[in-house]
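Only one structure is covered here, and it is reproduced in the block below.
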Amino acid sequence: MTKGKFITLEGGEGAGKSTQTKLLADFLRRKGLKVIETREVGGSPSAEAIRDLWLAQKDKYWDPLTELLLIMAARREHLVKTVFPALSEGAWVVCDRFADSTRAYQGIGLGLGLEPVENVYKLIAPDFEPDLTLLLDLPVETGLARMESRGGMDDRYQQQLVDFHKKLREAFLSLAQKFPVRFRTIDASGDAPGIAASIERAVAERFFAQESPQ
Ligand code: TMP
C-alpha cells in the first residue's frame, strides 16, 4: 500500500513536537514532496471527536482499558480516513505522536502493560509501523518548565508528578532501544532551530542519503 513515507514525532511534554512537526513538514515541502501534517490523538474529524470525548473528562474518569480502546478507535479512524489515503497517493505524512505514545503512556506509564497495547494495535493496523520515528528527548524538568512557561499544563497528564514523566522518558528511551532501526533519538534540550537542524540531518540520512551532506 505504502508509496509515501510515514514519519512520527514522539516524546514527553514540552519537547517541542508540534513546532518540529511543522518545521519538518516545511523542510520536506521544500524538497518538492507532497506533505500532510497531522497529530494523534486526533487527525481526522472522527478521531478529533473521540479526542474531545476522551479529554473532556480528566482525573481517572476512564477505566484504563476503555481509555486504550478509545485511543485505538481514534487511531483506526485517523489511519483509515487520513493516513492510508495520503500514503497511497504518495504523500509524506508527518505525525505529532503515534503508537509509541500509547506504548509509553498507557502501556508503561499508566501500568496497563505492553501486551494489550500490542494486541489492539495488531487488530487496528496489522503490519503497519512508521518509516521513521523521531524521539525528541530532554530532561523531564526542562520539558515541564517549558510547559509551565507556555501556560500549557492543562491536559490529562501534565499535572501529574515528575516521577511519572521520568517513567515516561525511560519508556520512550527503552522503545528506541528496542526498535533501533525505526527510531532516531534527537536531543531536544536546545532551541527550536537547533532541534530542527538535527531532525533534518536525521531525515536526510534516512531518506536522501545521496543528497547529503551539503
Ligand atoms: P498532546 O499534548 O501531544 O496533544 O497529547 C495530549 C496528551 O495525550 C498527552 O499528555 C499525551 C497523551 N497521549 C496518550 O496518553 N496516549 C496516546 O496514545 C497519545 C497519542 C497521546
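In listed order, ligands and their atoms are each counted from 1.
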Based purely on interatomic distance, does [X] place a nitrogen or oxygen under 3.5 Å from a nitrogen or oxygen of ligand 1?
{"X": "Trp54", "result": "no"}
{"X": "Arg39", "result": "no"}
{"X": "Glu13", "result": "yes"}

Quiz item: Taking the non-hydrogen atoms of Arg51, is any one of them nearer than 4.0 angstrom to ligand 1?
Solution: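 True for this residue.
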Quiz item: Of all the heavy atoms in Glu67, does at least one lie under 4.0 Å from an atom in ligand 1?
Solution: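 Glu67: no contact with ligand 1 (<4.0 Å).
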Just jot down the ligand 1 atoms closer than 4.0 angstrom to any heavy atom of [X], in number order.
{"X": "Ile71", "result": "16 (N), 18 (O)"}
{"X": "Val41", "result": "19 (C), 20 (C)"}
{"X": "Tyr105", "result": "10 (O), 11 (C), 14 (C), 15 (O)"}
{"X": "Glu40", "result": "20 (C)"}
{"X": "Arg75", "result": "18 (O), 20 (C)"}
{"X": "Gln106", "result": "14 (C), 15 (O), 16 (N), 17 (C), 18 (O)"}

Quiz item: Looking at CG of Leu24 and CG of Leu134, how far apart are the two atoms once the value is rounded to the nearest 0.5 Å?
Solution: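 Reported to 0.5 Å precision, the distance equals 6.5 Å.
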Practice problem: Any chance you could measure Trp92, atom CH2, to Ile7, atom CD1, to the nearest 0.5 Å? | Solution: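 Here the rounded value is 5.5 Å.
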Exercise. May I ask you to decide whether Glu129 forms a salt bridge with Arg103, counting only side-chain N to carboxylate O separations under 4.0 Å?
Key: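 Salt bridge between Glu129 and Arg103, a charged N being under 4.0 Å from a carboxylate O: yes.
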Exercise. Answer yes if the side chains of Ser101 and Glu40 hold a donor-acceptor pair under 3.5 Å, and no otherwise.
Key: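 There is no such pair between these side chains.
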Quiz item: Can you find a side-chain donor-acceptor pair between Asp96 and Ser18 that sits under 3.5 Å?
Solution: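 On atom types as modelled, these side chains qualify, holding a pair under 3.5 Å.
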Practice problem: For the residue pair Phe6 and Phe128, categorise the inter-ring angle as parallel (less than 30°), tilted (30 to 60°) or perpendicular (more than 60°). | Solution: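 If you compare the ring of Phe6 with that of Phe128, the planes turn out tilted.
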Quiz item: Using a heavy-atom cut-off of under 4.0 Å, does the side chain or the backbone of Thr102 touch ligand 1, or both, or neither?
Solution: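 The part of Thr102 near ligand 1 is both the backbone and the side chain.
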Quiz prompt | Output field: ring centroids Trp54/Tyr105 closer than 6.0 Å | solution =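 No, they do not, as the ring centres are separated by 6.0 Å or more.
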Exercise. Could you check Ile71, Leu55, Leu70 and say which one makes a side-chain contact (heavy atoms from CB on, under 4.5 Å) with Val41?
Key: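 That would be Ile71; it is the only one of Ile71, Leu55, Leu70 passing the side-chain contact (heavy atoms from CB on, under 4.5 Å) with Val41.
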